[in-house]
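All values derive from a computational prediction rather than experimental measurement.
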Amino acid sequence: MSDIIFSGLNPAQKQAVEALQGPVLVLAGAGSGKTRVLTHRVANLIANGVHPSEILAVTFTNKAAKEMQGRIEKILSDPGFNSLSNTSNPGSTARRSPLVAHPSIGTFHAICVRILRREIEHLGNGLTREFVIFDTQDTLSLMKVIMKERGINDKEIKVKAVLSHISGMKSQLITPEEHFANLNMNHNRFAQAVSELYPVYERRLIEHNALDFDDLLKQTVEVFDQNPEVLEKYRQRWRYVLVDEYQDTNFVQYRLIRQLTDTHHNLCVVGDDHQSIYAFRGADYRNILNFEADFPDATVVKLEQNYRSSGNILNNANQLIGYNQTGRKKNLWTESDPGDPIQIYEVFDEREEGQHIATQVKQLESDGQPLSQMAILYRMNAQSRAIEEALMRAQIPYQIIGGTRFFDRREIKDVIAYLRLIFNPRDDVSFLRVINVPSRKLGVATLEIVKRYSNEYGLSLFQILEHVDDIAELNEGKKFALREFREMIYRLQDYAKDKPISLLLDMVVEETNFLKWLDDGTGEGEARQQNVRELSSVAGRYDSADNSLAAFLEGVALISDLDRMNDDIESITLMTIHAAKGLEFPTVFLPGWEEGMFPSSSSQFSPEQLEEERRLAYVALTRAEEKCFISHARQRMLFGQRDFSSPSKFLSELNEDCVERHTAASKDLGFGSRRKKVNFDHPLLSRQPKTKNEAIFGIAENETEYKSGDRIKHAEWGEGTIIQVSGDVIEAAFAGMGLKKIVASVAPIERI
DNA sequence: AGTCGCTAGTTTTTT
DNA sequence: ACTAGCGACT
């Protein structure tokens, strides 16, 4: 009768889905059907009479939350499931579709926001339910201001370092007082500064009615600690709790889960200590290793059958992770065929590596594999450049995840800052961001005066504008500009009361003349305008929400780049291995397996960090379903330095029977063999070699064989004539397109 | 107020 | 090598 819930599950998965009561630990190896277990378990809970609203499922990313939501809805809306839940739950009527009542599914942060919007005023510290969320940039500018006020030199004491230290403490629930008490005689200037800044920073956040990301979790735990009756309410509401990627939890997240489940113990955590790759941001995989100690009566289920990768790929991954001392031994196995061995290529340098990948991609594509089934996963974003150039040259469409995020772009943050100020006039950080954007001729001098009054009267900067006429130091021009700004914000606030967010956003853009301000005649300005328009369409998705302004701001604060990944476009995906966790691709390319690169040089002296790198390599390998190409270069340009590199130690930890090694390096490192012809007649090239390697190997960057008068063909613009060449930059005239500047080494051009 | 040039900092990143 | 961010200059 319970076909829909149990069909297609293996015995271990079935056990995890069936054990509904009490603590359950699911150790889920890579590709072992973890999400399947989670979703079917939720369905089984509901089938057994648990009301959807009594279930809480917590994830780390929006993407994971969304996926789980979608899959649960799919099961629950299945006709087979509905008849099932009606028979086993006689109280429900046929009309009560499970879609009406949702389980609570969300990221730690999103769940905490939801709790805090109702409960934060219990803290009685001045924070109201209209609080705003400060992202990394906001906290950065707040901390800069604080340090400046206190005369702490941000050259000597790095703002970012201070914040990351504070963040670490907050996620360990260490208060400023505790940190201060821990300062010992050996304290250095940095620790000293942190102990001075931490309490001020905390106070300032409250004054701004703002919470940073750590606060979302920390303040929730605090509300629960201080108000047992509030905690009790949530314990009774969420009688069943599930946590995904449990190995990635940090201390405050662990505390929160314990708080929520300590009376009923109906907690199911799913994770894989071998895939713990976020120690650097506070994740502690010991949380998953300690689960049985925390809950001695826990049911432990190991999911060891892998449904994702071919035998050879899995063998390599298993053998590699076996080199780690810590972690539970697991034995991932598969019924799949061995498939292709992992292909390991030695190449000359990063340029040739890119070329090599591009060639393989082309080959696979012509063999009929869509680009969307391939991914290139690297250790760090800086590696993408050489690969991008090669892909561009080969005219292979690609999509990059990571780098500068859409919502971190300046123009996007500016527009959002307006919305935040409209929503919360106490938000000084947003005020300062927009007060002179677009320019209102309000400079530092004017703002200093406003700030002084703000400090003196304990009012926010915007509130001071209400009394702008009483400020004697301001001349009529400045008063006028400030009044205009104030009235505009008032108008927009009025507008926000009954208009959906997308209209409000359009109004902001119009009132501020924002698009005009962005138009600087360059392509970059155009791109910025386009970004603002895209934001408007993103906003449209929140229009139907209850309080669409609040919903939008919250969504924007908690959104990430991964959420914008587009599966529809036929293109190959480039991203870091970290970003690829949880994803899978039929074909995976893994460039840069060299000592110092992967494993990263920072793990050189730390066995713990080396193990984390190895787990990362494990994650990388287990993303691949059928084909896996690893490459390592003999020399690589990194941080402006060309260095020799040796193959990653991870390459020697693979299973020799399941790999094939190739040397693709077209050139040897021998002197002379790589000497390239450089045209020293050209005024720009007739100069001394700049780098040692250039001198030794004759490697000249920006080397181009194009000269003015040459005819070229551009993939997009058609045929054209080169007008001018400066280094790698070519200026060419294209029929009907006019003059275009292109970068020879990168652009999709060929000589005709 | 906006542009120009110098400097520092570049693992990984969610929220 | 590259870039973002800041201080100095025009």
Side-chain angles (χ1 to χ4, degrees), chain A residues 58-65 106-113 133-141 144 154-155 158-161 164 167 170-171 211-218 245 248-250 252-253 276-283 350 377-386 401-405 407-408 410 436-446 520 554-563 575-582 592 596-604 609 612-613 615-617 619-620 636-643 690-691 693-694 701-702 728:
Chain A
V58 193
T59 64
F60 273 85
T61 64
N62 293 307
K63 195 171 192 290
T107 62
F108 272 101
H109 293 84
I111 299 282
C112 286
V113 170
I133 302 165
F134 270 16
D135 68 15
T136 319
Q137 283 183 37
D138 301 323
T139 57
L140 209 64
S141 42
K144 266 186 202 158
D154 64 1
K155 290 249 156 58
K158 295 283 168 248
V159 188
K160 270 191 187 156
S164 92
S167 168
K170 290 173 79 162
S171 59
L211 277 74
D212 65 18
F213 288 133
D214 300 309
D215 278 332
L216 296 177
L217 303 159
K218 198 192 92 171
E245 307 276 18
D248 285 339
T249 47
N250 61 25
V252 63
Q253 289 160 339
S276 159
I277 55 174
Y278 285 112
F280 69 91
R281 66 179 198 217
E350 75 281 354
L377 312 178
Y378 34 77
R379 178 64 181 84
M380 56 175 152
N381 284 308
Q383 281 173 267
S384 75
R385 189 182 205 96
I401 308 293
T404 313
R405 297 191 227 155
F407 289 96
D408 287 341
R410 206 188 62 205
N436 205 31
V437 176
S439 170
R440 297 184 180 86
K441 312 259 181 218
L442 296 166
V444 231
T446 311
D520 56 2
E554 208 160 287
V556 161
L558 301 178
I559 212 161
S560 83
D561 216 40
L562 211 53
D563 303 315
M575 62 183 130
T576 62
I577 301 167
H578 282 92
K581 188 160 133 202
M597 183 73 151
F598 192 31
S600 148
S601 53
S602 53
S603 64
Q604 217 169 355
Q609 278 198 60
E612 174 138 329
E613 293 284 305
R615 290 193 292 269
L616 192 57
V619 168
R636 180 178 296 274
M637 178 81 95
L638 188 62
F639 302 139
Q641 194 76 38
R642 186 165 283 284
D643 281 316
K690 273 195 222 154
T691 62
N693 280 304
E694 191 180 324
E701 274 69 51
N702 291 333
D728 203 22

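Residues forming a side chain to side chain contact (heavy atoms under 4.5 Å, CB included) with A:V113 (at least two apart in sequence, or on another chain): A:R117, A:F131, A:I133, A:L216, A:E554, A:L558. A:R379 meets the salt bridge (Lys or Arg N to Asp or Glu O under 4.0 Å) test with A:E613; sequence neighbours excluded. Every residue meeting the side chain to side chain donor-acceptor pair (under 3.5 Å) condition with A:D212, not counting sequence neighbours, appears here in chain and number order: A:K170, A:Y201. A:R281 meets the salt bridge (Lys or Arg N to Asp or Glu O under 4.0 Å) test with no other residue; sequence neighbours excluded.
Shown here is A:K158, whose NZ atom has more than 12 heavy atoms of other residues, nucleotides or ligands within 6.0 Å.
Between A:T576 and A:Y378, the closest side-chain pair of non-hydrogen atoms falls below 4.5 Å. Contact annotation: the side chain of A:T61 never approaches that of A:K581 to less than 4.5 Å [non-hydrogen atoms, C-beta and beyond].
The separation between A:F134 atom CZ and B:dT15 atom C1' is 15 Å, rounded to whole Å. To the nearest angstrom, P of B:dT13 lies 20 Å from CZ of A:F108. A:Q137 has its CD atom 14 Å from the P atom of B:dT14, to the nearest Å. Per the geometry, CG belonging to A:D154 stands 16 Å off P belonging to B:dT7, to the nearest Å. For the pair A:N62 CG and B:dT15 C1', the computed distance is 8 Å after rounding to whole Å. A:L140 places its CG atom 12 Å from the C1' atom of C:dA4, with the value rounded to the nearest Å. Atom CD in A:Q253 sits about 13 Å away from atom C1' in B:dT13, given to the nearest Å. We find that CG of A:L217 is positioned 11 Å from C1' of B:dT14, with the value rounded to whole Å.
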Scan nucleotides 8-12 of chain B against the protein and return all N/O pairs shorter than 3.5 Å with their distances rounded to 0.1 Å.
residue, atom, partner, partner atom, Å
B:dG9, OP1, A:K158, NZ, 3.2
B:dT11, O2, A:R379, NH1, 3.2
B:dT11, O2, A:R379, NH2, 2.1
B:dT11, N3, A:S602, OG, 3.1
B:dT11, O4, A:S602, OG, 3.0
B:dT12, OP1, A:N381, N, 2.7
B:dT12, O4', A:R379, NH1, 2.9
B:dT12, O2, A:R379, NH2, 2.9

Can you check nucleotides 8-10 of chain C for protein contacts, nitrogen or oxygen pairs under 3.5 Å, and list what you find?
none

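No engagement by A:D215 is indicated, since no non-hydrogen atom pair under 4.0 Å with the nucleic acid exists. In this structure, A:S601 reaches neither bases nor backbone, as no heavy-atom distance under 4.0 Å exists between it and the strands shown.
At least one side-chain nitrogen or oxygen of A:R385 sits closer than 4.0 Å to the OP1 or OP2 atom of C:dT3.
Which of C:dG5, B:dT15, C:dA1 sits closest to the side chain of A:M637 comes down to C:dA1. Out of C:dG5, B:dT14, C:dT3, the shortest distance to the side chain of A:R281 is found at B:dT14.
Distance alone, capped at 3.5 Å, is enough to place a donor-acceptor pair between the A:Q253 side chain and the A:N250 backbone.
Between A:H109 and A:F213, the ring planes are perpendicular. Angles over 60° get that label, and only those under 30° would be called parallel.
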